[in-house]
*Asks:* 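Before we start, here is the structure in question, set down as structure tokens.
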Amino acid sequence: MARSRTCRPIRMKKGAGFSPENVIPADIPATWAAMEGLYDSGKARAIGVSNFSCKKLEELLAVARVPPAANQVECHPVWQQAKLRDLCASKGIHFSAYSPLGSPGTFKSYSVLEHPVVVSTAEKLGKTPAQVALRWGIQAGHSVLPKSTHEERIRANFDVFDWSIPSDLFAGFSEIEQTRLIRGKFWTHPEGVFKSEEEIWDGGCHGNGITW
Ligand code: A2P
């Protein structure tokens with residue numbers, strides 16, 4: 001069966017445990033060449049990447065024969081990834097958001113669904129904060145991949161296509177202070193490939209880079 005395949009920038013020693021000391025440098029050109037082979041053979045209908053920064057994407061595009069179909073990364077109103085979205089759009093790479101709700105319950109320090117801009121927009125439109133977060137992503141031009149184990153939430157999360165956030169409220173999202181929630185601290189180690197979270201992401205975990 002033809003499937004899609006995704007290349008991620010974290011590589012572990014073969015057979016070693018799931019632990020930061022076991023991370024080794026990823027050979028992205030070689031990995032991508034192998035994925036292009038899967039694409040050529042028809043075993044993969046599409047090949048893409050995940051967690052690729054602008055830097056990693058540009059480096060990949062410089063050597064890729066088949067450009068990635070998609071880049072799937074953390075994206076929600078609190079980590080809007082404007083620069084990366086612009087780069088993907090300019091290169092014809094589909095941008096897809098994981099954690100589009102901010103993975104509620106995972107981060108004690110931050111709740112996207114409780115952010116005042118999200119909550120007030122939801123109140124004004126008679127929608128839930130989750131619907132507003134998802135609709136923001138769709139209106140920003142990318143796909144959103146929310147996960148729920150509850151049928152009523154799955155249904156509500158789909159109910160985001162026949163209404164929109166008016167432009168004045170949408171503009172308010174550009175004021176939201178930006179912070180990456182999924183930092184990858186687990187993958188850092190003083191003697192490992194990634195000594196800091198900054199190294200994983202090729203730069204800031206804060207900042208805005210918001211263009212609208
Ligand atoms: P649950 O499975 O109990 O519904 P994300 O997709 O951003 O990573 O978020 C996934 C988390 O968000 C899951 O824990 C899920 O919990 C929760 N979730 C999914 N849909 C909603 C919703 N409409 N309102 C609140 N939480 C939601």
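Indexing begins at 1, ligand by ligand and atom by atom, following the structure's order.
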*Asks:* Does ligand 1 have an atom under 4.0 Å from some heavy atom of P104?
*Replies:* yes
*Asks:* Hey, are D40 and R65 close enough for a salt bridge, meaning a charged N less than 4.0 Å from a carboxylate O?
*Replies:* yes
*Asks:* By number and element, which atoms of ligand 1 are closer than 4.0 Å to a non-hydrogen atom of S148?
*Replies:* 1 (P), 2 (O), 4 (O), 19 (C), 20 (N)
*Asks:* As an exercise, identify every atom of ligand 1 less than 4.0 angstrom from a heavy atom of T149.
*Replies:* 1 (P), 2 (O), 3 (O), 4 (O)
*Asks:* Numbering the atoms of ligand 1 from 1, which are under 4.0 Å from a heavy atom of P146?
*Replies:* 6 (O)
*Asks:* Can you list the ligand 1 atoms lying under 4.0 Å from a non-hydrogen atom of S99?
*Replies:* 5 (P), 7 (O), 8 (O)
*Asks:* Is the shortest N/O to N/O distance between A130 and ligand 1 below 3.5 Å?
*Replies:* no
*Asks:* With a 4.0 Å cut-off on heavy atoms, is N157 in contact with ligand 1?
*Replies:* yes
*Asks:* Would you call the rings of W136 and H142 parallel, tilted or perpendicular, taking 30° and 60° as the class edges?
*Replies:* perpendicular
*Asks:* For a 4.5 angstrom cut-off between non-hydrogen side-chain atoms, does D86 reach K83?
*Replies:* no
*Asks:* For residues F95 and C88, report the shortest heavy-atom separation together with the two atoms involved.
*Replies:* CD1-SG, 4.0 Å
*Asks:* Is it true that the side chains of E198 and S196 contain a donor and an acceptor less than 3.5 Å apart?
*Replies:* no
*Asks:* Have a look at E152, R155, R153 and point out the one with the heavy atom closest to atom 27 (C) of ligand 1.
*Replies:* R153
*Asks:* Output the list of atoms in ligand 1 that are nearer than 4.0 Å to some heavy atom of S103, sorted by atom number.
*Replies:* 5 (P), 7 (O), 8 (O), 9 (O)
*Asks:* State whether W201 and R180 meet the cation-pi test: NZ (Lys) or CZ (Arg) under 6.0 Å from the six-membered ring centroid, and within 45° of the perpendicular axis.
*Replies:* yes
*Asks:* Say whether, by atom type as modelled, one donor and one acceptor occur between the side chain of Q131 and the main chain of K127 under 3.5 angstrom.
*Replies:* no
*Asks:* Can you tell which of E151, H150, K147 gets a heavy atom nearest to atom 10 (C) of ligand 1?
*Replies:* K147
*Asks:* I'd like to check V112 versus L181 (side-chain heavy atoms, cut-off strictly below 4.5 Å). Are they in contact?
*Replies:* yes
*Asks:* Could you tell me whether P129 approaches ligand 1 through its side chain, its backbone, both or neither, with non-hydrogen atoms closer than 4.0 Å?
*Replies:* neither
*Asks:* P100 near ligand 1, heavy-atom distance under 4.0 Å?
*Replies:* yes
